[in-house]
Amino acid sequence: MIKIEHLVKNYGSTCAVDDISFEVKKGEIVGLLGPNGAGKSTTMNILTGYLSSTSGKVSIAGYDVLDHPLEIKKHVGYLPEQPPLYLDMTVEEYLNFNYDLKGCKLNRKKHLQEICEVVKLKDVYKRLIRNLSKGYRQRVGIAQALIGSPEVIIFDEPTVGLDPKQIIEVRNLLRNLGKDHTVILSTHILQEVQAVCDRIVIINKGKIVADELTENITRAVENNRRFMVKICGPQKEVLNMLRSRPGIVYAEVLAQRDGDAYCYNIESEVGIDIRKSLFYALAEKNWPLIGLEALGMNLEDVFIAIVDQSSGSKTRYEKNDRKASKNNRSDAELDFAKNAVESAKQKRGGEFSALFGEDEEDK
């Protein structure tokens with residue numbers, strides 16, 4: 001449905017989009033992520049025909065965006081970050097204006113009623129847009145994107161200004177739209193992407209740095225395995241033993257304490273399962289292991305790690321630098337590890353479970 005080939009967009013000497021290529025199939029919901037200034041909005045503006053590209057090719061439903069701009073607009077519904085509203089119009093007047101602007105051939109009254117029912121605008125249909133709350137204005141923006149039942153719908157931050165109940169309604173709407181439409185969603189709310197999107201494309205500095213199915217996105221990161229363990233024993237000796245264990249690249253003691261048991265955050269080398277060997281090593285020293293919890297990466301962790309990697313920041317350790325990494329870990333990496341622990345604690349209420357079989361990674 002959407003095909004982008006070697007797309008480049010320059011603003012003078014600044015390259016906003018740097019030779020990106022990807023496809024979106026019909027009925028697919030794709031999350032377009034990236035830090036501010038990554039090139040997301042520029043890419044979406046090119047897709048909608050609002051901007052021209054410096055080079056490359058973009059086609060939607062088989063039509064080239066540059067060669068057939070009017071035809072493309074019939075197939076695309078677009079909600080920019082700031083909805084293009086005329087505040088002196090009523091909701092009814094604005095939606096009818098957009099209906100005429102798009103040259104829609106569907107039954108006017110029935111079509112607009114269906115859209116208003118979907119986005120919950122029936123109660124304010126006769127009101128001036130300037131008198132609506134920010135949340136209702138956002139709904140009006142979503143409604144105009146749906147007029148004409150376009151095959152491709154592009155949303156830039158669609159839930160800005162909505163309350164939690166409305167956010168859930170919009171997420172359900174996006175899922176339903178994905179059954180019959182192709183949807184591109186750009187948002188900074190990563191939980192929203194995880195809840196709605198089939199696939200995630202991450203852009204940084206104008207380049208695609210990850211393109212994976214949502215459930216497989218953690219494969220894009222070669223991260224160390226992280227665990228939170230609770231061990232009964234002398235703190236300094238336990239910590240020294242953990243730091244000297246083969247396969248463990250980092251260990252730190254945490255603030256939590258349960259009697260004579262301390263909590264530790266540890267990271268193992270990629271591809272090495274240290275759980276059994278750690279259990280036996282602690283048993284030899286008569287230091288009971290009373291809790292071991294795997295800390296899977298959530299989408300926020302993955303996003304930060306991928307962006308850091310693509311920017312040239314180190315987010316993992318090489319094996320031959322293991323000793324140095326234990327003692328000279330950067331503040332950013334230390335914060336990253338601590339945040340992961342805190343996130344896991346909040347999710348699980350600080351509970352520990354002994355995991356000696358296959359671990360379940362957070363999604």
Side-chain angles (χ1 to χ4, degrees), residues 29 31-33 36 40-42 44-45 47-51 73-197:
I29 304 177
L32 190 62
L33 303 181
N36 291 330
K40 305 185 303 297
S41 294
T42 298
M44 289 187 291
N45 285 331
L47 280 171
T48 59
Y50 181 74
L51 286 177
K73 288 175 174 60
K74 296 178 183 179
H75 294 272
V76 176
Y78 180 42
L79 172 66
E81 188 172 356
Q82 298 295 329
L85 305 178
Y86 293 100
L87 303 184
D88 292 331
M89 288 184 173
T90 64
V91 175
E92 179 183 19
E93 291 170 342
Y94 178 72
L95 295 183
N96 275 280
F97 168 72
N98 276 275
Y99 179 96
D100 294 331
L101 195 65
K102 292 185 177 182
C104 186
K105 303 299 182 182
L106 299 172
N107 182 285
R108 182 189 296 262
K109 184 176 180 180
K110 181 181 178 181
H111 183 52
L112 295 183
Q113 283 180 345
E114 288 175 348
I115 291 175
C116 288
E117 187 172 338
V118 167
V119 297
K120 312 294 184 186
L121 282 174
K122 296 178 72 174
D123 293 341
V124 298
Y125 194 57
K126 301 289 184 179
R127 291 181 58 183
L128 282 174
I129 294 175
R130 73 164 57 253
N131 295 331
L132 299 181
S133 67
K134 185 176 181 180
Y136 270 110
R137 293 185 187 186
Q138 194 72 10
R139 294 193 200 190
V140 176
I142 294 173
Q144 65 81 25
L146 301 180
I147 289 176
S149 190
E151 297 171 80
V152 175
I153 302 174
I154 300 174
F155 287 137
D156 191 357
E157 301 287 352
T159 57
V160 171
L162 302 184
D163 61 41
K165 184 174 183 295
Q166 293 167 345
I167 289 174
I168 293 173
E169 291 172 351
V170 171
R171 288 179 182 176
N172 291 333
L173 170 62
L174 291 173
R175 291 192 195 98
N176 291 330
L177 289 173
K179 297 176 182 177
D180 302 306
H181 305 265
T182 299
V183 180
I184 292 182
L185 169 66
S186 177
T187 178
H188 286 97
I189 304 174
L190 301 185
Q191 297 91 336
E192 197 165 277
V193 174
Q194 205 159 15
V196 172
C197 297

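Counting from 1, the numbers follow the sequence of the chain as shown.
Within a 6.0 Å sphere centred on CD of E114, heavy atoms belonging to other residues, nucleotides or ligands number more than 12. Counting heavy-atom neighbours within 6.0 Å of D100 CG, excluding the residue itself, gives a total above 12. For OH of Y86, the number of neighbouring non-hydrogen atoms (other residues, nucleotides, ligands) closer than 6.0 Å is 12 at most.
Between Y94 atom OH and L87 atom CG the span is 10.0 Å, to the nearest 0.5 Å. Expressed to the nearest 0.5 Å, how far CD of Q144 lies from CZ of R139 amounts to 15.5 Å. For the atom pair CD1 (I154) and OG1 (T48), the distance works out to 6.0 Å, reported to the nearest 0.5 Å. Within the model, atoms NZ of K105 and NZ of K74 stand 8.0 Å from one another, a figure rounded to the nearest 0.5 Å. In this structure, NZ on K40 lies 7.5 Å from CD on E157, to the nearest 0.5 angstrom. Going from atom CE of M44 over to atom CG of L51 covers 11.0 Å, rounded to the nearest 0.5 Å.
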Determine whether L173 and I142 satisfy the following criterion, side-chain contact (heavy atoms from CB on, under 4.5 Å), listing intermediate values before the conclusion. CA-CA 10 Å; L173 170 62; I142 294 173; 3.9 Å; yes
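For the residue pair R137 and I129, the shortest heavy atom distance occurs at NE-O, 3.4 Å. Here the closest non-hydrogen pair linking G31 and V193 is CA-CG1, 4.3 Å. Shown here for R175 and N172, the closest heavy-atom pair between the two residues is NH1-OD1, 2.7 Å. A145 and P150 make their closest contact through O-CG, 3.4 Å (heavy atoms, listed as atom of the first residue, atom of the second, distance). Of all heavy-atom pairs spanning C104 and G148, the tightest one is SG-CA, 3.7 Å.
The aromatic rings of Y99 and H111 are tilted relative to each other, their planes meeting at an angle between 30° and 60°.
Counting heavy atoms from C-beta on, the side chains of T182 and E151 never come closer than 4.5 Å. You'll find the side chain of V91 reaches within 4.5 Å of the side chain of L132, heavy atoms only. Between L112 and I147 there is a side-chain heavy-atom pair separated by less than 4.5 Å. Residues V124 and N131 are not in side-chain contact: their nearest non-hydrogen atoms beyond the backbone lie 4.5 Å or more apart. Considering only heavy atoms from C-beta on, K122 comes within 4.5 Å of E117 through its side chain.
When the ring-ring contact (aromatic ring centres under 6.0 Å, His included) test is applied to H181, no partner is found at least two apart in sequence or on another chain. Not counting sequence neighbours, the partners of K126 by the side chain to side chain donor-acceptor pair (under 3.5 Å) test are E92.
With respect to F155, the side-chain contact (heavy atoms from CB on, under 4.5 Å) criterion is satisfied by exactly one of L32, L79, T187: L79.
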